[in-house]
Number of protein chains: 2
Amino acid sequence: MTGSATANRASAKREALLSTAQDLFSRQGYRAVGIDTLLAEAGVAKMTLYKQFGSKEELIAAVLERLAGQISSALTARLAHAAGGSQGRILAVFDWLADRVRSPDFHGCLFMKAASEYPEATDRPRQAAETFKAGCRALLEEQCNELGIADPSRLAHQLHLLLEGALVLSFLERDPRAATEAREAAAVLLTAAAHGS
Amino acid sequence: MTGSATANRASAKREALLSTAQDLFSRQGYRAVGIDTLLAEAGVAKMTLYKQFGSKEELIAAVLERLAGQISSALTARLAHAAGGSQGRILAVFDWLADRVRSPDFHGCLFMKAASEYPEATDRPRQAAETFKAGCRALLEEQCNELGIADPSRLAHQLHLLLEGALVLSFLERDPRAATEAREAAAVLLTAAAHGS
DNA sequence: CAGGAATCAGACAGATCGGTCTGTCTCTGC
DNA sequence: GCAGAGACAGACCGATCTGTCTGATTCCTG
């Protein structure tokens with residue numbers, strides 16, 4: 001299938017490491033979780049981690065890149081089935097957001113936390129976070145461009161503000177309603193932009 | 001003046017600790033900065049810190065409470081001089097935000113970072129963050145209530161989303177324009193709410 | 001079954017963590 | 001000028017951190 005059996009064994013351990021890391025980092029933070037804790041939870045030897053990733057920061061970056069891929073897939077799948085044209089697809093993004101913050105294993109945006117805990121421009125986790133958020137912005141702009149409005153880029157930026165605000169506030173207040181309020185606000189901005197300004 | 005001279009000496013050290021801590025935590029994160037680094041930078045002995053605050057987490061909470069007071073003062077001063085009634089006062093909040101994220105020592109919202117790094121409900125830094133954000137929400141709702149619109153609470157929540165989104169994105173993208181975009185979006189939401197919906 | 005790659009558990013290193021404690025020095029208030 | 005309070009530097013504690021290394025074991029392949 002995807003290579004030899006020994007390679008599968010390797011990637012199974014790799015996967016265990018990534019998903020355990022994602023869970024622990026998500027609930028406790030990056031610096032708060034030590035390597036040993038993570039290894040015990042994943043049932044993986046230390047050398048395996050360092051063979052696969054090289055360092056803790058690289059592991060974090062790998063977690064973020066994997067998560068970015070998952071989110072991207074989930075999002076494009078949603079957009080494919082969304083009704084209502086570009087406008088409907090934009091609202092579908094906020095529907096996805098509402099689901100995400102309601103998930104029991106949502107404990108804030110891992111990308112933002114990574115940028116907070118590894119704030120240097122040269123830190124790999126921060127770079128992964130910037131790349132992902134730029135992708136989000138691009139996706140929103142793509143949809144806004146098809147709206148045929150005056151300033152699609154500005155609208156995309158404003159929608160992005162709502163999206164990030166909802167992520168942050170639903171985490172801090174432990175209340176997923178922030179996401180549905182973001183959707184409502186997005187709808188207001190959409191119609192306002194459509195009617196010209 | 002404000003007490004005996006010995007008490008002033010004590011509070012001078014306390015202030016040095018608080019402002020140095022705010023600076024270091026802001027730039028590097030809470031867990032990334034060790035006590036020893038902080039003490040060396042502030043020029044304060046270790047025992048002074050532990051006499052004044054008791055623990056690192058309490059110091060963090062004290063930094064946040066002090067910052068909350070500073071922001072609250074700055075904000076109410078702005079609101080007092082804002083023209084344009086409640087609507088003008090709300091936009092003045094976003095003007096303040098635009099100034100804040102342009103400040104050279106803005107490196108993301110310290111409250112959000114605190115909630116990220118100390119996520120347990122019993123952690124004092126997280127509690128301080130929740131208290132502050134609830135105060136922000138209350139301030140916005142106060143202004144929205146005077147607007148005489150149908151659902152002032154909902155508008156306040158949506159404005160809060162924009163505010164937090166701008167804080168987060170201006171940090172992550174190192175681009176303060178997010179705040180001015182938030183102001184524009186806030187204006188759109190305000191007029192939409194005023195015209196009924 | 002034999003050969004080899006990968007993982008295992010865990011010791012180990014060196015640094016740093018938060019926090020406690022001691023003893024000296026300086027400054028204040030009477 | 002003396003008693004006391006507070007800050008000082010720095011030793012010290014046990015725990016924990018990331019990362020390295022070893023030697024035994026497990027599992028796949030041929």
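Here is how names work: the chains are called A, B, and so on, in the same order as the sequence lines, proteins then strands, and each is numbered from 1. Every heavy atom of this structure was used, including side-chain atoms; hydrogens, water molecules and symmetry mates were not.
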Peer 1: Does the cation-pi check pass for B:K113 over B:F171, that is, NZ or CZ under 6.0 Å from the six-membered ring centre and within 45° of its axis?
Peer 2: yes

Peer 1: Quick test of your reading of the model: are B:E184 and A:R154 salt-bridged, counting only N-O distances below 4.0 Å?
Peer 2: yes

Peer 1: Of the candidate nucleotides C:dT22, D:dT20, C:dC8, which contains the atom at the shortest distance from the side chain of B:M47?
Peer 2: C:dT22

Peer 1: Starting the side chain at C-beta, find the nucleotide from C:dT7, D:dA7, C:dG10 nearest to A:Q52.
Peer 2: C:dT7

Peer 1: Within 45° of the six-membered ring axis of A:Y30 and under 6.0 Å from that ring's centre, is NZ or CZ of B:R31 located there?
Peer 2: no

Peer 1: When we call it a touch if two heavy atoms are under 4.0 Å apart, what does B:G43 touch: a base, just sugar-phosphate, or nothing?
Peer 2: sugar-phosphate

Peer 1: In whole Å, I'd like the distance from the CD atom of B:E57 to the C1' atom of C:dC17.
Peer 2: 14 Å

Peer 1: Looking only at the side chain of A:K13 (C-beta and beyond, no hydrogens), which of the listed nucleotides D:dC8, D:dT18, C:dT7 gets closest?
Peer 2: C:dT7

Peer 1: What residue among B:E58, B:E57, B:E130 forms salt bridge (charged side-chain N to carboxylate O under 4.0 Å, His left out) with B:R124?
Peer 2: B:E58

Peer 1: Within residues 18-39 of chain A, find the residues that approach DNA chain C with a heavy atom at under 4.0 Å, and present them sorted by residue number.
Peer 2: none

Peer 1: Whole Å only: how far is the CG atom of A:L49 from the C1' atom of D:dC17?
Peer 2: 14 Å

Peer 1: Measure distances between side-chain N and O atoms of A:K46 and base N and O atoms of C:dG10, and say whether any donor-acceptor pair falls under 3.5 Å.
Peer 2: no

Peer 1: Side chain of A:S55, heavy atoms from C-beta onward: which of C:dT20, D:dG19, D:dC8 has the nearest atom to it?
Peer 2: D:dG19

Peer 1: I'd like to know if B:R78 pairs up with B:D99 as an ion pair, taking the criterion as any Lys NZ or Arg NE/NH1/NH2 lying under 4.0 Å from an Asp or Glu carboxylate oxygen.
Peer 2: yes

Peer 1: Can the positive tip of A:R174 be found less than 6.0 Å from the middle of the six-membered ring of A:F106, inside 45° of the ring normal?
Peer 2: no

